[in-house]
*Asks:* 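Quick one: this structure, given as structure tokens, is what I'll be asking you about.
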Amino acid sequence: MIEEIDQVVESGVKIIRFNDDNFPVNKERLQRIADMIIERGLHKKIKFSCWARSKDITNDIVEIFKSMNIVSVAIGLESGCQKTLEYLK
């Protein structure tokens with residue numbers, strides 16, 4: 001994956017999104033990815049974004065996101081209450 005990121009950075013891509021709402025679930029895996037991105041200096045060349053579930057966001061995860069230059073996190077909102085759903089549109 002890191003080699004693919006390297007390739008698209010070289011082709012001029014400015015931002016990459018990790019389209020997996022389970023991306024931060026495995027903290028050790030996330031940290032390894034962040035370490036590889038930082039080792040290659042990719043965090044200085046490109047921005048990242050990702051999807052996540054609100055229940056998986058912790059201070060540690062936010063720090064890892066920050067270290068690898070994740071600039072936006074899409075978080076879905078759900079509810080079993082119709083009134084809340086209408087409020088959230």
*Asks:* Taking the side chain as everything from C-beta on, heavy atoms only, tell me whether M68 gets closer than 4.5 Å to L30.
*Replies:*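 Yes, at least one pair of side-chain atoms sits under 4.5 Å.
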*Asks:* Rounded to the nearest 0.5 Å, how far apart are NZ of K27 and CZ of R32?
*Replies:*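 Rounded to the nearest 0.5 Å, the NZ-CZ separation comes to 13.0 Å.
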*Asks:* Roughly how far, to the nearest 0.5 Å, is CG of D20 from SG of C50?
*Replies:*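 These two atoms lie 9.0 Å from each other.
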*Asks:* Are I64 and I75 connected in a single hydrophobic cluster, I mean Ile/Leu/Val/Met/Phe/Trp/Tyr linked by side-chain heavy atoms less than 4.5 Å apart?
*Replies:*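 Both belong to a single hydrophobic cluster.
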*Asks:* Do R29 and I33 pass the side-chain contact (heavy atoms from CB on, under 4.5 Å) test, and can you show the C-alpha distance, the side-chain angles, and the key distance before you say yes or no?
*Replies:* CA-CA 6 Å; R29 175 181 170 267; I33 292 169; 3.9 Å; yes
*Asks:* Within the 3.5 Å criterion, strictly below it, is a donor on N59 or E63 matched to an acceptor on the partner's side chain?
*Replies:*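 Looking only at side-chain atoms, E63 and N59 do not form any donor-acceptor pair under 3.5 Å.
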*Asks:* Rounded to the nearest 0.5 Å, what's the gap from CG on N69 to NZ on K47? Could you check?
*Replies:*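 Here the rounded value is 7.0 Å.
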*Asks:* Which pair of heavy atoms, one from I46 and one from V13, lies closest together, and at what distance?
*Replies:*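 So the two residues come closest at CD1-O, 3.7 Å.
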*Asks:* Side chains of S67 and I38: closer than 4.5 Å at any heavy-atom pair?
*Replies:*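 When only atoms from C-beta onward are counted, I38 and S67 do touch, with a gap below 4.5 Å.
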*Asks:* Could you check whether any side-chain heavy atom of L42 comes within less than 4.5 Å of a side-chain heavy atom of M36, counting everything from C-beta outward?
*Replies:*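 Side chain of L42 against side chain of M36, heavy atoms only: no contact under 4.5 Å found.
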*Asks:* Hey, which of T58, I61, D60 is the one that makes side-chain contact (heavy atoms from CB on, under 4.5 Å) with P24?
*Replies:*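 Of T58, I61, D60, side-chain contact (heavy atoms from CB on, under 4.5 Å) with P24 is met by I61 alone.
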*Asks:* Taking all non-hydrogen atoms of both residues, which atom of A52 and which atom of I57 are closest, and how far apart?
*Replies:*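 So the minimum-distance heavy-atom pair works out to CB-CD1, 3.7 Å.
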*Asks:* Same hydrophobic cluster for F18 and I15, using side-chain heavy-atom links shorter than 4.5 Å among ILVMFWY?
*Replies:*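 Shared cluster, no.
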*Asks:* Do I37 and V71 belong to the same hydrophobic cluster, where Ile, Leu, Val, Met, Phe, Trp and Tyr are linked whenever their side-chain heavy atoms lie under 4.5 Å apart, directly or via other members?
*Replies:*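 No, it is not one cluster - the side chains of I37 and V71 are not joined through contacts under 4.5 Å.
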*Asks:* Got N19 and W51 here, is their nearest side-chain heavy-atom distance under 4.5 Å?
*Replies:*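 The answer is yes; the side chains approach within 4.5 Å.
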*Asks:* Would you say the side chain of R17 lies within less than 4.5 Å of the side chain of F23, judging by non-hydrogen atoms?
*Replies:*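 No; the side chains remain at least 4.5 Å from each other.
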*Asks:* So Y87 and Q82, do their side chains get closer than 4.5 Å, heavy atoms only?
*Replies:*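 Q82 vs Y87: side chains apart.
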*Asks:* With a 4.5 Å heavy-atom cut-off, do Q31 and E28 have their side chains touching?
*Replies:*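 Heavy-atom side-chain distance check fails, nothing below 4.5 Å.
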*Asks:* Enter the distance from K45:NZ to K14:NZ here, rounded to the nearest 0.5 Å.
*Replies:*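 NZ of K14 is found 11.5 Å from NZ of K45.
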*Asks:* Kindly write out the residues that satisfy salt bridge (charged side-chain N to carboxylate O under 4.0 Å, His left out) with D6, not counting sequence neighbours, or none if the list is empty.
*Replies:*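 D6: salt bridge (charged side-chain N to carboxylate O under 4.0 Å, His left out) contacts with R40.
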*Asks:* Which distance, rounded to the nearest 0.5 Å, do you find between the NZ of K83 and the CG of L88?
*Replies:*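 So the NZ of K83 and the CG of L88 are separated by 12.5 Å.
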*Asks:* Just wondering, do V62 and V73 contact through their side chains at under 4.5 Å, heavy atoms?
*Replies:*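 They are not in contact (no side-chain heavy atoms under 4.5 Å apart), so the answer is no.
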*Asks:* Looking at N22 and V25, would you say the former's side chain and the latter's main chain have a donor-acceptor pair under 3.5 Å?
*Replies:*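 Looks like no, no N/O pair under 3.5 Å.
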